[in-house]
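All values below come from the heavy atoms of this structure, side chains included, with hydrogens, waters and symmetry mates left out. Atoms within a ligand are numbered from 1 in the order they appear, just like the ligands themselves.
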Amino acid sequence: MKELQEKAVKVLEKNWKNGFSIPCEGLYPFQWNWDSGFIAIGLAHVDMEKAIQEMETLLDAQWENGFIPHIIFHTETDSYFPGADFHCSHLHPSASKKYKSTGMTQPPVAGFALHKLYTISKDSKNTLLKIAPLLDKVYKNHQYFYNHRDIHNEGLVYIYHNWESGTDNSPLWDDIFSTMQSPEFTFERRDTTHVDASQRPSKKEYDHYLNIIEIAKEHNYSDEKIAELSPFLVQDPLFNTMLIKSNESLIKMYKILGNNEEKIQQLETWQQKSIQSFNKKLFNEELGAYIHYDLRNNTPLNHISSSSFTPLYAGIPSKERALILLKTMIEKFGNDHQYLCASFDPTSERYNPKKYWRGPVWINVNWIIYNGLKKYGFSVVAERVKNDSLALVEKYGFYEYFDARKNEETTGYGGNNFSWTAALLIDMLNNH
Ligand code: DGY
């Protein structure tokens with residue numbers, strides 16, 4: 001295991017670009033929002049200065065209205081599509097003047113990532129001093145979410161693009177895309193020059209992805225217009241779990257800092273409402289799992305994905321409901337021929353064990369589920385998720401995602417020497 005950790009550290013060293021990390025060489029040449037949070041957690045074990053810088057750089061790209069973009073285009077390169085020239089973040093009046101970015105966000109991991117930095121630190125006083133100004137930025141980001149993306153005042157925020165979910169091409173979105181008539185765009189894909197096309201989203205899917213962005217751009221990325229017009233508008237359990245977990249982390253950190261009563265009160269109010277609505281609206285009794293809700297078409301998306309189990313991490317389910325989740329996970333995702341945890345229901349006909357978020361195992365979601373299971377005292381299954389993660393990386397390398405089936409075909413897919421795979425492996429190896 002020492003050797004594996006050394007390899008992981010090398011991956012992070014290679015992907016470090018003077019102030020931030022790229023997810024991997026070639027396929028993803030810029031800074032990604034939730035990648036940075038996970039990467040910082042891994043870096044914290046080996047180089048706290050870099051971990052803090054990773055978060056500082058991400059938050060330096062925050063917009064005046066509190067929004068934090070999903071990609072920050074630090075460099076000019078035409079090896080990625082769609083790049084800065086397609087996204088045109090400057091259309092939004094509050095956009096950063098310093099950085100070009102996308103006009104969409106990603107699961108809000110910054111709050112709990114900062115708290116992890118503090119708990120991992122061997123010099124917590126000093127770390128606290130450095131991250132204190134960052135906490136206020138994250139707080140402002142949560143204000144943005146609750147003020148602009150909770151249209152029915154439920155405590156549940158929406159995402160307006162599948163790329164905001166992080167689970168980019170999940171079969172969940174098929175239901176929504178089937179309601180859309182997207183034009184055929186002419187463009188040159190770059191991802192499929194780095195990775196085999198069978199492991200990436202289809203052209204048709206990219207047409208939908210670009211179409212949603214074009215609609216947002218027509219209205220200068222106005223939240224109000226997006227809420228009114230975007231064909232994609234979803235309450236995502238993974239996204240909202242990250243927000244709720246980050247609320248909790250901010251509360252903890254502000255209590256340690258002191259003199260932040262008002263913010264703590266506001267966070268607690270959000271927190272209570274969010275958890276209550278989450279349990280009321282996003283749980284499907286029949287499936288025994290949390291599900292997504294399609295706000296645009298006013299209908300639940302009744303499918304089980306790895307996102308369905310992530311609410312454990314933020315302590316959202318009752319003990320009783322957590323047991324139901326555990327049962328669903330073992331029955332559908334966890335037979336002896338499968339690694340935990342496939343990204344989509346392996347018993348569904350939409351499952352594809354090779355294609356990106358349509359089935360493969362992802363180490364970041366495994367890390368979330370592992371920590372969630374531990375929180376509820378489900379230590380046997382927690383250990384299994386951890387050991388499956390370690391085994392996949394040890395056998396196949398630091399890949400972006402892995403085939404969930406245990407057989408001779410099993411292998412890693414997507415980008416290699418992938419930062420969050422390395423970072424979260426380091427965290428799991430050092431988590432006692
Ligand atoms: C991609 O290019 O596939 C990215 O994951 C989008 O965030």
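Between Y356 and W362, the distance from one ring center to the other falls under 6.0 angstrom. Checked against a 6.0 Å centroid threshold, the rings of F30 and Y99 do not count as neighbours. If you look at Y221 and F67, their ring centroids are not closer than 6.0 Å. For F187 and F81, the gap between ring centers is short of 6.0 Å.
Within the listing of ligand 1, atoms 6 (C), 7 (O) sit less than 4.0 angstrom from a heavy atom of H70. Those atoms of ligand 1 that come under 4.0 Å of a heavy atom in R200, given as number and element, are 1 (C), 2 (O), 3 (O). For ligand 1, the atoms sitting less than 4.0 Å from at least one non-hydrogen atom of Y80 are 1 (C), 2 (O), 4 (C), 6 (C), numbered in the order shown with element in parentheses. Every atom of ligand 1 with a heavy atom of W32 under 4.0 Å away is listed here by number and element: 4 (C), 6 (C), 7 (O). Atoms of ligand 1 found under 4.0 Å from any heavy atom of Y356 (numbered from 1 in listed order, with element): 1 (C), 3 (O), 4 (C), 5 (O).
Remark: K252 is not positioned above the aromatic ring of F112, lacking an NZ or CZ atom under 6.0 angstrom from the ring centre and at most 45 degrees off the axis. For the pair R350 and F344, the NZ or CZ position fails the cation-pi test of under 6.0 Å to the six-membered ring centre and within 45 degrees of the ring normal.
When non-hydrogen atoms are compared, ligand 1 lies under 4.0 Å from neither the backbone nor the side chain of W34.
Where the criterion is an N or O separation shorter than 3.5 Å, residue side chain and backbone included, D168 meets it with respect to ligand 1.
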